[in-house]
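Whatever order the structure lists them in is the order used to number ligands and atoms, beginning at 1. Throughout, numbering of the chain's residues begins at 1 and tracks the sequence.
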Amino acid sequence: MIAIPPIAADRLPALLRAMPKAELHMHIEGSLEPELIFALAQRNGVALPYASVDALRQAYAFTNLQSFLDIYYAGASVLLKEQDFYDMAWAYLLRAQADHVLHTEMFFDPQTHTARGVSMATVVNGLHRACMDARTQLGVSASLILCFLRHLSEEEAFETLEQALPHRDQFIGVGLDSSEVGHPPEKFARVFARCRELGFHLVAHAGEEGPPAYVWTALDLLKVERIDHGVQSTRDPALMRRLAQDRIPLTVCPLSNLKLCVFPSLSEHNLGALLDAGLAATVNSDDPAYFGGYLNENFTQTFAATGLGAQHAYQLARNSFEAAFVDAGARRAWLDQVDACFAAAA
Ligand code: HPA
Ligand code: ZN
């Protein structure tokens, strides 16, 4: 840790863009831009219920999580071949590199694809090859986290895990996403216990729209290492104390929260409150093609709207590497790069 002197407000956006950072909450299917959806639809002969790229983009007016998920799963229907998954991931990894993302942990939803007859191997091999190429060609470290769809059954999650095990060296952890309310973490307690035995890292979406109780059960029953979103935690002071004491990272996604009406405006977002309460919050893009911006847009728009400053930026950059599933040597090297960036900006 270094002392951060105040930095003039007009220099903050450039610092936010340039600072080294990790992205820990990004659904790769949510990085599928409308142009790429149309290109893949044409390449694969898939009919889309939208006449044009513009018509599709105009449908991106969401009122809650479910209204988004319906369109998000429809968009993913153009992905059929290994190269499609590669191309989608590669497009995101180029954006990540441009945003000075040094490390990214990408969520993927295999059940969205296996339900359409696409094999697990097609999905994982395409995504994993892009991760390997990112390391050598872009200097971006990238790994994969398999998410179970919580609106489906425990049995289907177990089947998905079985299908994924031949690929266990190609992903580092498992998560839980899709429709939150009515599908509490405890529904997947046995699947997560098995994944824990297998040595996977564990994360879960909790407290995005759902209550603080879901954050508690994600921690205590699923035994997750990070909470995805978690912004509803401020409603429960005891939970806030637990998250601060145990330094449980929260992967917060401000533009997602805005677009899905979790907060009425960005200026009312509680990122600052989470940080000031001592929580290990991070900033992430969630589904950047749908929510109006990649990682740097999340940083610059949120800071502009909430008045957060350089000290918060420094903390968020550090938190992102502290919370990453990487070895101690890589973490140390990246934290040193964060310090060097802020020392030079002072
Ligand atoms: N929440 C839940 N499931 C998701 C999300 C999200 O923000 N994005 C993609 N799947
Ligand atoms: Zn998410």
Side-chain angles (χ1 to χ4, degrees), residues 22-33 37 59-60 62-77 79 85 88-89 92 96 104-115 123 127 144-152 156-157 160 173-185 187-188 201-211 214-215 218 222 224-233 249-263 269 271 281-295 297-298 302 320 323:
E23 176 149 61
L24 307 177
H25 182 164
M26 197 285 309
H27 303 261
I28 195 61
E29 293 91 347
S31 75
L32 207 44
E33 292 286 341
I37 291 178
Y60 295 0
F62 312 116
T63 51
N64 57 20
L65 174 59
Q66 193 60 50
S67 66
F68 154 70
L69 290 171
D70 294 341
I71 288 194
Y72 161 85
Y73 294 130
S77 69
L79 298 159
F85 290 90
M88 169 174 67
Y92 161 71
T104 179
E105 296 174 10
M106 298 149 51
F107 293 144
F108 68 108
D109 287 345
Q111 288 161 295
T112 301
H113 314 300
T114 54
V123 178
L127 297 176
L144 296 169
I145 295 179
L146 180 158
C147 283
F148 300 111
L149 297 181
R150 69 201 304 158
H151 68 275
L152 300 179
E156 287 164 298
T160 301
V174 302
L176 189 63
D177 66 2
S178 188
S179 321
E180 184 182 8
V181 174
H183 302 284
K187 181 174 166 185
F188 297 94
H201 286 291
L202 307 179
V203 300
H205 283 54
E208 177 184 15
E209 288 183 342
Y214 286 18
V215 179
L222 300 191
V224 299
E225 298 159 79
R226 301 192 300 241
I227 295 288
D228 296 314
H229 293 294
V231 291
Q232 301 298 336
S233 303
L250 257 49
T251 62
V252 176
C253 307
L255 287 178
S256 165
N257 294 153
L258 176 69
K259 294 293 157 66
L260 300 188
C261 307
V262 173
F263 294 92
H269 197 283
L271 176 63
T282 64
V283 167
N284 305 270
S285 69
D286 207 5
D287 300 282
Y290 291 90
F291 298 149
Y294 287 77
L295 191 48
E297 277 298 309
N298 273 271
T302 305
S320 73

Next on the checklist: Residue-level breakdown please: for Phe107 versus ligand 1, do any non-hydrogen atoms fall below 4.0 Å on the side chain, on the backbone, on both, or on neither?
Outcome noted: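 Neither part.
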Next on the checklist: Under 4.0 Å, heavy-atom basis, I'd like to know which part of Leu65 is in contact with ligand 1: side chain, backbone, both or neither.
Outcome noted: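 Side chain only.
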Checklist entry - What is the ring orientation for Tyr290 with Tyr72, classed by angle as parallel under 30°, tilted 30 to 60°, or perpendicular over 60°? => result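 Aromatic pair Tyr290/Tyr72 classed perpendicular.
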Checklist entry - Can Tyr92 and Glu23 be counted as having a side-chain donor-acceptor contact under 3.5 angstrom? => result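 Result is yes, a qualifying pair exists.
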Checklist entry - Between Val215, Val252, Leu250, which is the residue that forms a side chain to side chain contact (heavy atoms under 4.5 Å, CB included) with Val231? => result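 Only match with Val231 under side chain to side chain contact (heavy atoms under 4.5 Å, CB included): Val252.
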[X] [atom1] to [Y] [atom2] distance, which is reported to the nearest 0.5 Å:
X      : Y      : atom1 : atom2 : result
Asp70  : Phe62  : CG    : CZ    : 10.0 Å
Glu208 : Leu260 : CD    : CG    : 6.0 Å
His201 : Ile145 : NE2   : CD1   : 8.5 Å

Item to check | Residue, atom name and distance, where the atom is the protein heavy atom closest to atom 7 (O) of ligand 1 | outcome: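 Residue, atom and distance for the closest contact: Asp286 OD2, 2.7 Å.
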Checklist entry - Considering residues at least two apart in sequence or located in another chain, which fulfil the ring-ring contact (aromatic ring centres under 6.0 Å, His included) criterion with Phe107? => result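 Here the qualifying residues are His25, His27, His205.
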Item to check | Set of ring-ring contact (aromatic ring centres under 6.0 Å, His included) partners for His269, sequence neighbours left out | outcome: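 Listed in chain order: Phe263.
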Checklist entry - Under the side chain to side chain contact (heavy atoms under 4.5 Å, CB included) test, which residues partner Thr114, sequence neighbours left out? => result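 Applying side chain to side chain contact (heavy atoms under 4.5 Å, CB included) to Thr114 gives Gln111, Gln163.
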Checklist entry - What are the atoms of ligand 1, with element, lying closer than 4.0 Å to any heavy atom of Glu208? => result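 This gives 1 (N), 2 (C), 6 (C), 7 (O) as the contact atoms.
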Next on the checklist: Show me which atoms of ligand 1 lie under 4.0 Å from any heavy atom of Asp287.
Outcome noted: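 Per the distance check, 5 (C), 8 (N), 9 (C).
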[X] touching ligand 1 at heavy-atom level, < 4.0 angstrom:
X      : value
Leu69  : yes
Ser178 : yes
His229 : yes
Phe68  : yes

Item to check | Step-by-step ring pair (Phe, Tyr, Trp, His ring centres under 6.0 Å) determination, Phe85 to His113 | outcome: CA-CA 11 Å; Phe85 290 90; His113 314 300; 4.8 Å; yes
Checklist entry - Hey, which protein N/O/S atoms does the Zn ion (ligand 2) have under 2.8 Å? => result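 Counting only protein N, O or S atoms under 2.8 Å from the Zn ion (ligand 2), the list reads His25 NE2, His27 NE2, His205 NE2, Asp286 OD1.
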Next on the checklist: For ligand 1 and His27, I'd like to know whether there is a polar contact (N/O to N/O, distance under 3.5 Å).
Outcome noted: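 Such a contact does occur with ligand 1.
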Next on the checklist: Does this structure show an ion pair linking Glu156 with Arg150, if we count only N-O contacts that are shorter than 4.0 Å?
Outcome noted: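 Between Arg150 and Glu156 there is no salt bridge, as every charged N stays at least 4.0 Å from the carboxylate O atoms.
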